[in-house]
Structures are given as C-alpha cells and as structure tokens.
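Here, residue 1 is the first one in the sequence, and each next residue gets the next number.
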Amino acid sequence: MMDPGSTPTPTTTATPTTDAAPSSGALHSTDTPAAAVQRWAFVISQRFQHLLDKSTPFLLYRWIVFCVIAIIYTARVLYLQGFYVVSYALGIYILNLLIGFLSPQVDPEFQDLSDGPVLPNRSSDEFRPFVRRLPEFKFWYSITKAFCIAFVLTFFGAFDVPVFWPILLFYWIILFTLTMKKQILHMVKYKYVPFSFGKQRYDGKRANPAETSSLLPSRD
C-alpha cells in the first residue's frame, strides 16, 4: 500500500554500454585484406632489417655472398646469351656506386663552404679518418640488391632487347676509363687515399726518450 501523500520515485534500469574496446582478435578479424598485407609487410621488413643489422660486422662473409650472387648472374647471362641491356644498365649503376664509395663525404673543393670534416693537406695536420660519401655497408647492400634485381629480370623476355653487345661493352669501358681517370686526378690534386690501409692509427702516446731519461733517478 502506498501512502496517498507520497509521490512515486522513478526507477532507473541499467542499460548495457557498448563503448568497450574490442579485443585484438576482433581487430584482426575486421581488418581489410590491404591492411593485413601492410601489417605482414611491416613485420617482414622489420625482420629483414634486423638481419641486416646483425650482418654489419661480418664484412668478409658479406662480400663472399655478393661474389656468389655475381657469379650466378654472370653464368646465367652467358648461358642465355642475352639480356645485354640489363647488364649494361647494371654496369652503369655499379660505376655510379663506385664513384660514391671512392669519394669523400665533403668535397675538398667546397670544404670552406661546409662545416663537415675536412681532409688533411700537410703531414703536420691532425689525422682524420677518410669519411666516404657512400659507406661500405650501403655500397655492399646497393650492389648486391642490384645484382638480385638484374637476376630476376632475366626471367622476363621483355627485357631481352636484341643489341650488338660489343658496342655496349666498348662504350662502358670508355666510360669507366674516363670516370676513373677523373677520380684519380681528384685524389692526386687533393692528396687523399680512399682506403685505410697503411694509415696512421692511434696506439697510445709514446713517451719521448728524453722525457723518459729525465724521470729516472739520478746516480750521485
């Protein structure tokens, strides 16, 4: 029984909320095929980059792998007797990489306009290591990837353009000779060597014989 003077109190019913965050499985189940492909490509690229980072200190083994790939590509081109245009383009790209590998990061002609490391010009100057415009690892990675791409292209007949290959070989040799001559003249002019063999290395400060004798106790 309700009191005649009392007013009824409204009753509230709890409504379920639908703002809960979906689980990861629900997200993956609702992904579009394009999103799934992008996710898998990102995972594969991360693992590939991890392998590249781990291979950085193994210089000899990396270049052995490159030599094997280059031999396989050369053998396939000789066996097919074709794809000379692909090989010519590969040679031009390798020549471009080689120039970057042999060139300093800062050109001595413009070193006064930049704040980067400069090359020593005299024997009394402070020794500075040679900093390449194209580091060794990037040079190896680029040239290895170029050979792999060229090897894949040999499976497509559209890239087998008929051409008289001795002309391409002769033109590439002339281009290589002129380019390397210009690079060697640049090295001679600015007195630098793009290799670390035989360069001075820091092995600790050697004591001067005169200073060493002065530290010995005198005999009275």
Side-chain angles (χ1 to χ4, degrees), residues 23-25 27-77 83 86-108 110-111 114-120 126-156 159 172 176 179-180 183 186-187 190 192-204:
S23 62
S24 59
L27 284 176
H28 291 173
S29 61
T30 57
D31 279 349
T32 60
V37 170
Q38 289 180 357
R39 184 174 65 252
W40 281 106
F42 178 73
V43 172
I44 293 174
S45 65
Q46 277 189 329
R47 293 182 180 179
F48 180 69
Q49 185 62 40
H50 178 67
L51 292 176
L52 286 179
D53 295 338
K54 291 180 63 177
S55 66
T56 302
F58 302 100
L59 187 145
L60 177 61
Y61 296 104
R62 287 192 284 106
W63 284 103
I64 290 177
V65 171
F66 162 74
C67 291
V68 172
I69 294 175
I71 291 173
I72 293 174
Y73 172 78
T74 304
R76 178 166 176 79
V77 170
F83 296 95
V86 175
S87 301
Y88 176 73
L90 178 63
I92 296 296
Y93 181 70
I94 292 174
L95 182 59
N96 186 29
L97 292 177
L98 183 61
I99 293 302
F101 180 72
L102 298 177
S103 301
Q105 185 179 20
V106 179
D107 196 332
F110 307 102
Q111 65 183 14
S114 62
D115 297 331
V118 297
L119 298 172
E126 181 183 358
F127 171 74
R128 299 181 181 90
F130 183 80
V131 181
R132 305 180 187 278
R133 189 173 64 189
L134 181 65
E136 181 272 334
F137 183 81
K138 290 185 178 180
F139 175 64
W140 168 82
Y141 177 71
S142 300
I143 195 173
T144 305
K145 183 172 66 175
F147 268 93
C148 292
I149 294 175
F151 180 77
V152 173
L153 292 181
T154 58
F155 290 93
F156 300 92
F159 297 98
W172 186 86
F176 175 81
T179 305
M180 293 308 298
Q183 185 67 26
H186 190 271
M187 295 178 190
Y190 295 100
Y192 69 90
V193 179
F195 300 102
S196 59
F197 301 105
K199 286 187 177 180
Q200 181 181 2
R201 297 181 182 274
Y202 179 77
D203 297 328

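- Taking both residues in full, the closest heavy atoms of Leu52 and Phe137 are given as O-CZ, 3.6 Å, listed atom of the first, atom of the second, then distance.
- A search for side chain to side chain contact (heavy atoms under 4.5 Å, CB included) contacts involving Leu97 returns Tyr93, Leu134, Phe139, Ser142, Ile143, not counting sequence neighbours.
- Rounding to the nearest 0.5 Å gives a distance of 6.0 Å between CE of Met187 and CE of Met180.
- To the nearest 0.5 Å, the span separating CG on Leu95 from OG1 on Thr179 amounts to 4.5 Å.
- The ring pair (Phe, Tyr, Trp, His ring centres under 6.0 Å) search around Phe176 returns Trp172, not counting sequence neighbours.
- Glu136 is linked by a side-chain hydrogen bond (donor to acceptor under 3.5 Å, both in side chains) to Arg62, Trp63, counting only residues two or more places apart in sequence or in another chain.
- Not counting sequence neighbours, the partners of Phe155 by the ring pair (Phe, Tyr, Trp, His ring centres under 6.0 Å) test are Phe151.
- In terms of heavy-atom proximity, Gln183 sits nearest to Leu102 at NE2-O, 3.4 Å.
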Which donor-acceptor pairs under 3.5 Å do the side chains of residues 64-77 make with protein atoms, sequence neighbours left out?
{"residue": "Tyr73", "atom": "OH", "partner": "Ser87", "partner atom": "OG", "Å": "2.8"}
{"residue": "Thr74", "atom": "OG1", "partner": "Ala70", "partner atom": "O", "Å": "2.8"}
{"residue": "Arg76", "atom": "NE", "partner": "Thr154", "partner atom": "OG1", "Å": "2.8"}
{"residue": "Arg76", "atom": "NH2", "partner": "Thr154", "partner atom": "O", "Å": "3.4"}

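- For Gln49, the side-chain hydrogen bond (donor to acceptor under 3.5 Å, both in side chains) partners at least two apart in sequence or on another chain are Asp53.
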